[in-house]
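Worksheet: the structure to be examined is printed underneath.
Note that these values count all heavy atoms, side chains included, but never hydrogens, waters or copies made by symmetry. As the structure is a computational prediction, the values presented were derived from the model and not from experiment.
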Amino acid sequence: MKPQVEAVVVENGRFIDIGSKEEMMSYCSRHDAEIIDLEGKTVTPGLIDSHLHMSAIAINLLNLDVTGLNSKEEMLRKIASKAKTLKPGEWLLGRGWDENLFTDGGIPTISELDYAAPNNPLLIPRVCGHAALVNSKALKICQYHSEMTIPQGGAIVLDETTKQPNGLILESASEIFKQYIPKYSYEDLKGALRRAIQIAMQKGLTSVHTNDPNFLGGLHTTYRLYDELLNQEGLGLRANLLIDHEYLNDLKEAGMYTGFGNETLQIGAVKIFADGAFGRRTALLSEAYHDAPNSFGEAMYSNDELFDIIRKARELSMPIAVHTIGDKALENILDLLDQFPAVSHRDRLIHVQALRKDLIPRLAVPTRIADIQPRFVVGDFPWVEERLGPERLPRAYAWKTLMESNVICAGGSDSPVEPVDPLLGIHAAVTRKAPGDTHEGWNVKEKLSMQDAFKLFTKMGAYPTNEETIKGTISRGKLADMTVYSHNPFKMEDPDELLHTDIEMTIIGGNIQYEKSTTVKN
């Protein structure tokens, strides 16, 4: 990071001077300006998460959270306990299971789910959101039958013996069930989103790039919720809203576009899913999965359909933000982008977890950005080795290779897929292992320095939104967003010390929005 300063002077929410405490005190004695004394603590530019889902974090607060459970039996016990609190026929909703963590077997069967929740329809997405579990009650409510039309890109998985649903559904098949689930009230969503925003600031985040319309009831409700919480209530957090492509017509009718809004709340890029994830082998690869030789993954849309979506976005002069985990999905999107002129904001390629050498130069252009999630190394290893095999692993989760190849990269969490805590993402980028692991790290040549890892979550977080001239560094004229730490990350002999580092303050626009000794300020 850049040289240290002792104090900053803030006026109208921006840095107007930085330097020694003595110099800044002298300045303030001569001007009507506010001074924030850092009291010798370590401070960085405000932490930025370039890709998460604040709405899903919020909704998880309302439902059953099964994140991080280490056994199938524990998950089933939690489901049974939750079911006892519900009325018969009331939906049991949750999120977060990961069969790779289970030490007592695989995914719960539909009969096990039926036993745990006999009187309640159930829908619990996997931690990645690309698969979910349902029980027989849920199938009955949605009137499932073997000839039912499944939304493109989705699947209801059948038992190999009985040819009946085994309780697992993939990708867009969840839409069949969601139409029967009662909507949350506006006030419930607002209250949960308020809590999620407070949690984000407690973790040191000053800005987030969040994808929410499909969880919050569309474009208008999403914008209204954030506008009321951030602009009207003044919660503090800055938010850039990625808008799912299904709402392109709504954007056009509302006269909204990328950059619409203010420094607190803006419309961002058009969000598209090109493929799935490695966990259920739905990420689209150019060569078959190592542990499933007949499977290449799944394209969420045909190339013709993707072309049409991008064309509509470009008609509004908007960039796209595309979920591309597999190398073939990335190649398809790059091929399509090459057919369109660039717009004023950068196109985002989100995740880019499986690379090919020939694709890297095509990412390394000023109009494109790789939106990466370092913490995925913790969530996906070691099981992802079976999916990709030894030949592809050196180019998987290759954050250092991307940065050294002059690809513009920004760091995020994809929370609630991974924890919202950016220090955990930074720790993963530096160590490439889970907290407590004793090995050297997965693919150690891709480890980042502490400076480069922090850069992903500070300076580079401003690039996807074209805000690098107003945020991301502590510089004169920029927004006065800062994160203050209990320990100095740049003097740590062991990066595991990050795991014991607290956020002391989160400062946004010169205002202390969170302080460890108090609570979030409204």
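If you check the side chains of Gln202 and Thr506, you find no donor sitting under 3.5 Å from an acceptor. Checked by atom type, the side-chain pair Glu418/Ser415 shows no donor-acceptor distance below 3.5 Å. Judged by distance alone, the side chains of Asp371 and Ser50 do bring a donor and an acceptor atom under 3.5 Å apart. Side chains of Asp414 and His53: a donor on one and an acceptor on the other come within 3.5 Å. No side-chain donor-acceptor contact under 3.5 Å links Asn70 and Thr103. Side-chain contact annotation: Tyr301 with Asp308, donor-acceptor N/O pair under 3.5 Å absent. Remark: the Thr465 side chain and the Asn240 side chain contain no N/O donor-acceptor pair separated by less than 3.5 Å. There is a side-chain donor-acceptor pair under 3.5 Å between Thr67 and Asp65. Side chains of Gln373 and Gln353: a donor-acceptor N/O pair is absent below 3.5 angstrom, by distance only. A donor-acceptor pair shorter than 3.5 Å can be found between the side chains of His209 and Arg348. For the residue pair Glu160/Asn166, the side-chain donor-acceptor check at 3.5 Å is not satisfied.
More than 12 heavy atoms of other residues, nucleotides or ligands lie within 6.0 Å of NZ in Lys72, so this atom counts as buried by the packing criterion. Heavy-atom neighbours of Lys183 NZ from other residues, nucleotides or ligands within 6.0 Å: at or below the threshold of 12. The number of heavy atoms from other shown groups lying within 6.0 Å of OH (Tyr115) does not exceed 12. The environment of CG in Asp291 is crowded: more than 12 heavy-atom neighbours from other residues, nucleotides or ligands sit within 6.0 Å.
A distance of 13.0 Å separates NZ in Lys84 from CD1 in Ile79, rounded to the nearest 0.5 Å. Between Leu334 atom CG and Leu330 atom CG the span is 4.5 Å, to the nearest 0.5 Å. The distance from the CZ atom of Arg311 to the CZ atom of Phe307 is 7.5 Å, given to the nearest 0.5 Å. Leu219 contributes atom CG, which lies 5.5 Å from atom CD1 of Ile267 (distance to the nearest 0.5 angstrom). Atom CD1 of Ile503 and atom CG of Asp421 lie 7.0 Å apart (nearest 0.5 Å). Atom OG1 in Thr85 sits 9.0 Å away from atom CG in Leu64 (nearest 0.5 Å).
The two atoms that bring Ala398 and Leu355 nearest to each other are CB-CD1, 4.1 Å, heavy atoms only.
When atom types are taken as modelled, the side chain of Glu305 and the backbone of Ser302 share a donor-acceptor pair closer than 3.5 angstrom. With hydrogens and angles disregarded, a donor-acceptor distance shorter than 3.5 Å links the side chain of Asp437 to the backbone of Ala434. In this structure, the side chain of Gln179 engages the main chain of Ile176 through a donor-acceptor pair within 3.5 Å. At least one donor-acceptor pair closer than 3.5 Å links the side chain of Asn135 to the backbone N or O of Leu122. Under the 3.5 Å distance criterion, the side-chain polar atoms of Asp159 are left unmatched by any main-chain donor or acceptor of Pro165. Side chain of Arg432 to backbone of Val444: no donor-acceptor contact under 3.5 angstrom is found. Looking at Ser71, its side chain never comes within 3.5 Å of a backbone N or O of Asp104 through a donor-acceptor pair.
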Before you tell me yes or no, could you show the steps for Lys190 and Glu228 under side-chain contact (heavy atoms from CB on, under 4.5 Å), namely the whole-Å CA-CA distance, both residues' side-chain angles and the distance that decides it to 0.1 Å?
CA-CA 9 Å; Lys190 187 174 181 179; Glu228 290 179 357; 2.9 Å; yes
Going through the checks in order, is the side-chain contact (heavy atoms from CB on, under 4.5 Å) test met by Val417 and Arg95?
CA-CA 10 Å; Val417 176; Arg95 179 167 174 150; 3.7 Å; yes
Decide yes or no on side chain to side chain donor-acceptor pair (under 3.5 Å) for Ser136 and Asp114, but give the supporting numbers first.
CA-CA 6 Å; Ser136 296; Asp114 289 344; 2.7 Å; yes
Using the side-chain contact (heavy atoms from CB on, under 4.5 Å) rule, take Leu448 and Ile426 through it: C-alpha gap first, then chi angles, then the decisive distance, then the call.
CA-CA 9 Å; Leu448 299 185; Ile426 290 167; over 6 Å; no
Using the side-chain contact (heavy atoms from CB on, under 4.5 Å) rule, take Leu139 and Val134 through it: C-alpha gap first, then chi angles, then the decisive distance, then the call.
CA-CA 7 Å; Leu139 288 163; Val134 297; 4.3 Å; yes
Please evaluate residues Glu315 and Lys312 with respect to the criterion salt bridge (Lys or Arg N to Asp or Glu O under 4.0 Å), reporting the C-alpha separation (whole Å), side-chain torsions for both, the decisive distance (0.1 Å), and the verdict.
CA-CA 5 Å; Glu315 287 174 355; Lys312 291 177 180 178; over 6 Å; no
Determine, stepwise, if the pair Thr282 / Glu171 fulfils side chain to side chain donor-acceptor pair (under 3.5 Å).
CA-CA 8 Å; Thr282 53; Glu171 303 294 350; 2.9 Å; yes
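The residue from Tyr186, Tyr226, Tyr223 that alone fulfils the side chain to side chain contact (heavy atoms under 4.5 Å, CB included) condition with Leu216 is Tyr226. For the pairing with Trp442, the ring pair (Phe, Tyr, Trp, His ring centres under 6.0 Å) check across Phe381, Trp383, Tyr397 returns one residue only, Phe381.
Salt-bridge formation is detected for the pair Arg194/Glu233: a Lys NZ or Arg NE/NH1/NH2 atom is positioned less than 4.0 Å from an Asp or Glu carboxylate oxygen. Salt bridge status for Lys87 with Glu90: absent, with no side-chain N to carboxylate O gap under 4.0 Å. Ion pair Arg77/Glu73 not flagged as a salt bridge, since none of the NZ, NE, NH1 or NH2 atoms sits closer than 4.0 Å to an Asp/Glu carboxylate oxygen. Salt-bridge formation is not detected for the pair Asp327/Arg392: no Lys NZ or Arg NE/NH1/NH2 atom is positioned less than 4.0 Å from an Asp or Glu carboxylate oxygen. Between Arg362 and Asp335, at least one side-chain N (NZ, or NE/NH1/NH2) sits under 4.0 Å from a carboxylate O, which counts as a salt bridge. Salt-bridge annotation for Lys328 and Glu331: present, with a side-chain N of the basic residue lying under 4.0 Å from a carboxylate O of the acidic one. For the pair Glu440 and Lys433, the salt-bridge criterion is not met [side-chain N within less than 4.0 Å of a carboxylate O].
Remark: Lys271 is positioned above the aromatic ring of Phe273, its terminal NZ or CZ atom under 6.0 angstrom from the ring centre and at most 45 degrees off the axis.
A tilted orientation is assigned to the rings of Phe376 and His351, their planes being inclined by 30° to 60°. Ring geometry for His323 versus His130: interplanar angle of 30 to 60°, hence tilted.
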